[in-house]
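Take a look at the structure set out below.
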Amino acid sequence: MTALTPVLPETPQGGPQSKGSTTAARKSRRFSNGKRGLEPWLYLAPAFIVLIALLGYPIFQLINVSLYDYRQAQVSGKAPLNFVGLENYQKLFADPQFWTVLGNTVVFATACVVFTLLVGSSLAVLATRLRPWVRSMLFVVSLGAWATPAVTGSAVWLFLFEPTLGLVNKTLVAIGLTQFEGYSWTYDKWSAFGLVASEVVWCSFPFVLVTVYAGIQAIPTEVIEAARIDGASMPRIARSIMLPMLRPIVIVVTIQSIIWNFKIFSQIYIMTNGGGIAGQNLVLNVYGYQQAFAASLYGLGSALGVIMTALLMVITLVYLRILKRTGEAL
C-alpha cells in the first residue's frame, strides 16, 4: 500500500500570514532606507559642528550688534546699550549714499567679472595653440600674478600709474599722447574704478585661465576631429561644441568671481586712499569699514555687514544650485 501524504490547506493569498510578512518587509525596507539616508549626514556632522562654531556665533553677534545703537561709549562701558531694533537698517535704506555705494559695487564687480572671464578664457584658448615651453612660461607668469598679495599688487599698480614717475604715463607721452603728462588716474571716479578693476583682473584672471584650460583639455579630441572632417570651421566648433561642453566650468568660475569681486576691499582702500575724493569710489566693504571703525557706528556697520552677508548667501545658494544641476557634467 502506498502511504497517503496529508495535504495542508494553502494560506490564501493576501491572508493574515501574507499581510504580516509584507508589512514586516516594508518596515525593514523603510528602516534600511532611513538608515542609508541618515548615513551621509553622520559623515557631514563634524564639518557642520565646526562651521557652526566658527561661523554661527560671529553671524549671531553681527546680527545682535546691528539691533543696537552701539558706539564707542558702549564699547568702553561708559554708556548702557540702547536697543533700536531695525532702526539701523531703516537709516541705511533711507540714505541715498547707501544706494549709490551699492550701485558702485554692482557695476564695479560686474566689470571685473566680465573682463576677468574674457582675459582668462582668451588666454586659455591661446595656451592650447602654444608650444609647451611657451605655455609653461605663460602659466608661471600668470600664477605669479595670482600669488601676489592684494596689498603688494595694489602698491605696484599705483607705482606704474603714478602721475609723474609712472611707466604708463611716460610711455603714453612718449608715443605722442601728451594729455597724459601728469595725469592722475585716481582723481576721476571712473578712471579710478578702471585702475582698480585692471589690478583686480590682473590678479584674478589666472584662476579662469587654469580652470578653462583644464576644461578644454578634457574635451575629447575625437569630437573636434569629427567636426573638422565634417567641414566645420574653428569658430563654429568653438560656438557649437566647445562652449556647450565648457558651460559648467564657465558657470562655476563666473559665480566664484562674482563672490570674490563683490567683497573687494584692499584694492579699493589702498588705490583710492580710502574710497576716493568725497567717497566717490566707495564700495560696500569700504563703506562698512568707514561706518563701523572710522565713525565708530558699530551698529550701523554691523547692519551693513548683515546686508552684505545676506546678498552673498543668496549668491552662494545660486552657486550651490547650479553646482547641483551641473554636478554630473563637472
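In what follows, every heavy atom counts, from backbone to side chain, and hydrogens, waters and symmetry copies are set aside.
- Crowding of Gln61 atom CD: a count of heavy atoms from other residues, nucleotides or ligands under 6.0 Å exceeding 12.
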Verdict with reasoning, Leu246 to Ile216, per side-chain contact (heavy atoms from CB on, under 4.5 Å): CA-CA 7 Å; Leu246 290 174; Ile216 293 175; 3.8 Å; yes

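- With values rounded to the nearest 0.5 angstrom, Leu284 atom CG is found 7.5 Å from Leu311 atom CG.
- Under the 4.5 Å side-chain contact rule for hydrophobic residues, Val84 and Leu86 do not share a cluster.
- For Val223, the side chain to side chain contact (heavy atoms under 4.5 Å, CB included) partners two or more places apart in sequence, or in a different chain, are Pro220, Ile241.
- In terms of heavy-atom proximity, Gly301 sits nearest to Ala292 at CA-CB, 3.9 Å.
- Of the possible donor and acceptor atoms, one in the side chain of Ser198 sits under 3.5 Å from a partner among the backbone N and O of Leu195.
- The hydrophobic clustering, which links ILVMFWY residues whose side-chain heavy atoms are closer than 4.5 Å, places Ile268 and Phe159 apart.
- If you take NZ on Lys91 and CG on Leu300, they are separated by 7.0 Å, rounding to the nearest 0.5 Å.
- Side-chain contact annotation: Tyr89 with Ser66, donor-acceptor N/O pair under 3.5 Å present.
- Annotation: the span from Leu117 atom CG to Ser257 atom OG amounts to 5.0 Å, rounded to 0.5 Å.
- Residues Asn261 and Val200 meet the side-chain proximity criterion, which asks for heavy atoms closer than 4.5 Å.
- Residues passing the ring pair (Phe, Tyr, Trp, His ring centres under 6.0 Å) test with Tyr68, sequence neighbours excluded: Phe83.
- The ring pair (Phe, Tyr, Trp, His ring centres under 6.0 Å) check on Tyr298 picks up nothing, with sequence neighbours excluded.
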Check residues 207-214 and write down every donor-acceptor pair under 3.5 Å in which the side-chain atom is one partner and the other belongs to a residue at least two apart or another chain.
| residue | atom | partner | partner atom | Å |
| --- | --- | --- | --- | --- |
| Thr211 | OG1 | Phe207 | O | 2.7 |
| Tyr213 | OH | Arg135 | NE | 3.1 |

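- Ser184 and Pro163 make their closest contact through CA-CG, 4.1 Å (heavy atoms, listed as atom of the first residue, atom of the second, distance).
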Between side-chain atoms of residues 139-148 and protein atoms elsewhere (two or more places apart, or another chain), which donor-acceptor pairs fall under 3.5 Å?
| residue | atom | partner | partner atom | Å |
| --- | --- | --- | --- | --- |
| Ser142 | OG | Leu138 | O | 2.8 |
| Thr148 | OG1 | Gly144 | O | 2.8 |

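- With rounding to the nearest 0.5 angstrom, the CG atom of Leu158 is 7.5 Å from the OG1 atom of Thr186.
- Hydrophobic clustering of Ile, Leu, Val, Met, Phe, Trp and Tyr side chains at less than 4.5 Å, counting indirect connections, keeps Met313 apart from Met308.
- Although no hydrogens or angles enter the test, the distance criterion places no donor-acceptor pair under 3.5 Å between the side chain of Asp69 and the main chain of Asn82.
- Contacts classified as side chain to side chain donor-acceptor pair (under 3.5 Å) and involving residues 269-284 (residues at least two apart or in different chains) are not found.
- Side-chain contact between Ile259 and Ile255: present, with at least one pair of heavy atoms (C-beta onward) separated by less than 4.5 Å.
- The two atoms that bring Val173 and Phe180 nearest to each other are CG2-C, 3.9 Å, heavy atoms only.
- Each side chain to side chain donor-acceptor pair (under 3.5 Å) pair with one or both residues in residues 160-174, not counting sequence neighbours, appears once here: Glu162-Thr164, Asn169-Trp185.
- In terms of heavy atoms, Gly274 sits closest to Leu282 at O-CD2, 3.8 Å.
- Counted within 6.0 Å of OH on Tyr187, heavy atoms from surrounding residues, nucleotides or ligands total 12 or fewer; the atom is thus considered open.
- The other members of the hydrophobic cluster of Leu118, by chain and number, are Val114 (side-chain heavy atoms under 4.5 Å, ILVMFWY only).
- In this structure, CG on Leu67 lies 11.5 Å from CG on Leu81, to the nearest 0.5 angstrom.
- Residues passing the salt bridge (charged side-chain N to carboxylate O under 4.0 Å, His left out) test with Arg228, sequence neighbours excluded: Glu225.
- Note that CD of Gln267 is 4.5 Å distant from OG of Ser154, once rounded to the nearest 0.5 Å.
- Partners of Phe193 under the ring pair (Phe, Tyr, Trp, His ring centres under 6.0 Å) rule, at least two apart in sequence or in another chain, are Phe108, Trp190.
- Screening residues 286-297 for side chain to side chain donor-acceptor pair (under 3.5 Å), with sequence neighbours left out, gives Asp95-Tyr287.
- The ring pair (Phe, Tyr, Trp, His ring centres under 6.0 Å) search around Trp202 returns Trp157, not counting sequence neighbours.
- The hydrophobic clustering, which links ILVMFWY residues whose side-chain heavy atoms are closer than 4.5 Å, places Val125 and Leu243 apart.
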